[in-house]
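Below is one structure, written out as structure tokens; comments come after it.
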There are 2 protein chains.
Amino acid sequence: MSVQERKERERAGRERLIVATARELAEQQGWDAVTTRRLAERIEYSQPVLYSHFRGKREIIGAVALQGAAELAAAVRAATAAADGPRERVYALARAYLDFAARNPAVYDAIFQLDGGLPYAQEDTPEPLKDAFAALLECLGEVAGDGVHPGLFTEVFWASLHGLATLTRAGRLPPEDTEPRVELLVDRLPMV
Amino acid sequence: MSVQERKERERAGRERLIVATARELAEQQGWDAVTTRRLAERIEYSQPVLYSHFRGKREIIGAVALQGAAELAAAVRAATAAADGPRERVYALARAYLDFAARNPAVYDAIFQLDGGLPYAQEDTPEPLKDAFAALLECLGEVAGDGVHPGLFTEVFWASLHGLATLTRAGRLPPEDTEPRVELLVDRLPMV
DNA sequence: ATTCGATCCTAGCGCCGCTAGACAACAGAG
DNA sequence: CTCTGTTGTCTAGCGGCGCTAGGATCGAAT
């Protein structure tokens with residue numbers, strides 16, 4: 001039995017290595033550079049080994065997305081917990097969210113832009129994704145305003161942040177005025 | 001002279017055919033299906049002909065983006081011109097923008113998501129792109145509120161719409177509640 | 001009629017995601 | 001300790017991608 005356990009541990013370790021390497025490569029050179037050949041070379045195994053862990057490249061992206069979603073949730077919770085008052089909490093959330101997107105662009109893409117084969121906004125949505133939304137909801141639900149559904153408000157605020165994050169990083173918005181944009185959003189959307 | 005003119009006309013016509021075909025194919029089967037081989041086959045020329053018009057696939061995407069941006073600007077202007085009062089104009093703008101994104105997803109991607117090799121938010125940005133932003137600014141500038149720069153407000157409102165459009169189409173937001181989301185955005189962000 | 005340049009196509013390069021089938025390594029049985 | 005069967009890994013290759021070199025063809029101008 002112990003032999004089997006050891007093999008399973010090794011297998012799990014290698015799977016983590018694959019995900020970590022894919023993430024690293026994506027952050028360094030973009031997702032286009034994450035090819036199965038390069039990935040295999042970096043983990044010092046042959047290509048088919050990847051396919052014994054994941055159905056394909058898509059699932060690898062999905063694995064990075066799940067890992068990233070957990071980190072995003074943690075970052076948002078940490079930031080909001082350290083802030084006093086509703087307005088400050090919302091501001092801290094916005095900053096934490098945009099900082100995460102700016103510092104981990106490839107991971108952010110894996111979660112929100114690329115096709116990782118994951119179900120979103122359904123009952124079988126993986127826990128980390130649900131939890132990331134829950135982290136936003138915990139803070140934003142209390143500033144939705146009277147008669148506005150907390151979930152709906154969270155969706156709209158989140159979408160606004162997402163728009164700022166993606167348009168900025170795609171060069172569609174000049175990066176200079178990020179700060180006043182966040183201020184404007186935080187001043188207008190929530191009822192504080 | 002007339003011979004040369006005819007050839008130039010034919011050349012221009014073929015270029016339009018390439019762009020139109022790429023757009024059609026992208027809307028039908030997604031941008032991944034727009035390969036140089038398939039595109040060449042559809043226009044009934046060989047692959048290298050594409051490269052006598054465009055530097056590569058990227059530039060073809062860029063051409064579709066410019067065409068789309070002009071249409072988006074026109075759609076926004078038409079919708080806002082037909083609305084009475086600031087609040088209604090902003091609402092009409094939001095609906096027109098999101099409708100365009102929903103009805104022309106591939107074109108929308110070409111403009112705002114994909115790399116078409118175009119410069120954005122710079123002085124050498126192509127006219128259609130500047131004009132699309134201008135169309136938004138014309139309507140949104142007047143509801144920015146006191147002390148808020150019209151351009152900045154337009155950027156934020158636009159980013160919010162962009163977030164709603166992309167997250168909805170990527171399946172990250174359930175499509176049912178689109179309407180109340182737009183209402184919320186229009187009620188809160190502008191000063192009407 | 002002949003030249004000569006523009007135009008277009010065939011063929012192919014190196015890369016991609018993915019997989020079939022050969023081969024080695026090793027746990028468990030005798 | 002040897003044999004055997006499974007498990008795991010690799011080599012090699014398929015079809016398709018963006019892109020390009022070089023040769024054939026066609027038509028305008030002499």
Side-chain angles (χ1 to χ4, degrees), chain A residues 1-19 21-23 25-26 28-65 106 109-110 114-118, chain B residues 1-19 21-23 25-26 28-65 106 109-110 114-118:
Chain A
M1 279 303 142
S2 172
V3 169
Q4 215 167 9
E5 287 174 10
R6 191 203 67 212
K7 289 201 173 183
E8 277 178 25
R9 270 202 314 278
E10 287 172 358
R11 219 186 131 69
R14 198 172 56 180
E15 189 158 315
R16 279 194 299 273
L17 177 63
I18 292 172
V19 175
T21 306
R23 175 175 177 165
L25 195 49
Q28 283 171 359
Q29 306 178 233
W31 277 107
D32 281 351
V34 182
T35 70
T36 54
R37 276 168 237 273
R38 256 193 285 261
L39 191 48
E41 197 189 4
R42 284 225 184 177
I43 64 168
E44 295 181 312
Y45 281 96
S46 68
Q47 270 181 290
V49 166
L50 299 174
Y51 292 86
S52 76
H53 288 271
F54 301 95
R55 287 176 162 277
K57 188 181 171 180
R58 172 187 302 197
E59 273 198 5
I60 298 177
I61 296 174
V64 172
D109 281 349
L114 301 177
D115 178 12
L118 301 172
Chain B
M1 278 302 142
S2 172
V3 169
Q4 214 167 6
E5 286 175 11
R6 192 203 66 213
K7 289 201 173 185
E8 278 179 24
R9 268 202 316 276
E10 288 172 355
R11 217 185 133 68
R14 198 172 55 182
E15 189 157 317
R16 278 194 300 275
L17 177 63
I18 293 172
V19 175
T21 305
R23 176 175 176 164
L25 195 50
Q28 282 172 359
Q29 307 180 230
W31 277 106
D32 281 351
V34 183
T35 69
T36 54
R37 277 169 237 272
R38 257 194 285 261
L39 192 47
E41 195 189 5
R42 284 225 184 176
I43 64 169
E44 295 181 309
Y45 282 94
S46 68
Q47 271 181 289
V49 166
L50 300 174
Y51 292 86
S52 75
H53 289 271
F54 302 95
R55 286 177 162 279
K57 189 181 170 179
R58 172 187 301 198
E59 273 197 7
I60 298 177
I61 296 174
V64 172
D109 281 349
L114 301 176
D115 178 12
L118 301 172

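In the text below, chain A, chain B and the rest are named by the order of the sequence lines, each starting its count at 1.
For the side chain to side chain contact (heavy atoms under 4.5 Å, CB included) with B/Ile60, the qualifying choice from B/Thr21, B/Ile18, B/Thr36 is B/Ile18, the only one to do so.
Rounded to whole Å, atom P of D/dC17 lies 13 Å from atom CG of B/Leu50. With rounding to whole Å, A/Trp31 atom CH2 is found 15 Å from C/dG17 atom C1'. Put simply, OH on A/Tyr45 is 14 Å from P on D/dT11, counting in whole angstrom units. A/Leu39 has its CG atom 14 Å from the C1' atom of C/dC16, to the nearest Å. What separates CZ of A/Arg58 from C1' of C/dG17 is a distance of 12 Å, to the nearest Å. Across the protein-nucleic acid pair, B/Arg37 atom CZ and D/dC17 atom C1' stand 6 Å apart, rounded to whole Å. Straight-line distance from the CD atom of A/Gln47 to the P atom of D/dT11: 11 Å, rounded to whole Å. Between A/Arg11 atom CZ and D/dT9 atom P there is a gap of 8 Å when expressed in whole angstrom units.
For B/Ser46, no side-chain nitrogen or oxygen approaches OP1 or OP2 of C/dC8 to under 4.0 Å. Using a 4.0 Å cut-off, no side-chain N or O of A/Arg14 falls inside it from OP1 or OP2 of D/dG8. Listed pair A/Thr36 / C/dG17 meets the phosphate criterion, a side-chain N or O lying under 4.0 Å from OP1 or OP2.
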**Message:** Determine whether B/Val34 and B/Arg38 satisfy the following criterion, side-chain contact (heavy atoms from CB on, under 4.5 Å), listing intermediate values before the conclusion.
**Reply:** CA-CA 7 Å; B/Val34 183; B/Arg38 257 194 285 261; over 6 Å; no

**Request:** Evaluate side-chain contact (heavy atoms from CB on, under 4.5 Å) for B/Lys57 paired with B/Leu39, printing each intermediate quantity in order.
**Result:** CA-CA 10 Å; B/Lys57 189 181 170 179; B/Leu39 192 47; over 6 Å; no

**Request:** Could you walk me through whether B/His53 and B/Arg11 pass side-chain contact (heavy atoms from CB on, under 4.5 Å), step by step?
**Result:** CA-CA 9 Å; B/His53 289 271; B/Arg11 217 185 133 68; 3.7 Å; yes

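Taking each heavy atom of B/Ser52 and B/Val49 in turn, the nearest pair found is OG-O, 2.8 Å.
Mapping A/Ala33 and A/Arg55 onto DNA chain C by nearest heavy atom places A/Ala33 at the nucleotide closer to the 5' end.
For B/Tyr51, counting side-chain heavy atoms from C-beta on, the closest listed nucleotide (D/dA21, D/dG18, C/dT19) is D/dG18.
In this structure, A/Arg38 reaches the sugar-phosphate backbone alone: every heavy-atom distance under 4.0 Å involves primed, P, OP1 or OP2 atoms, never a base.
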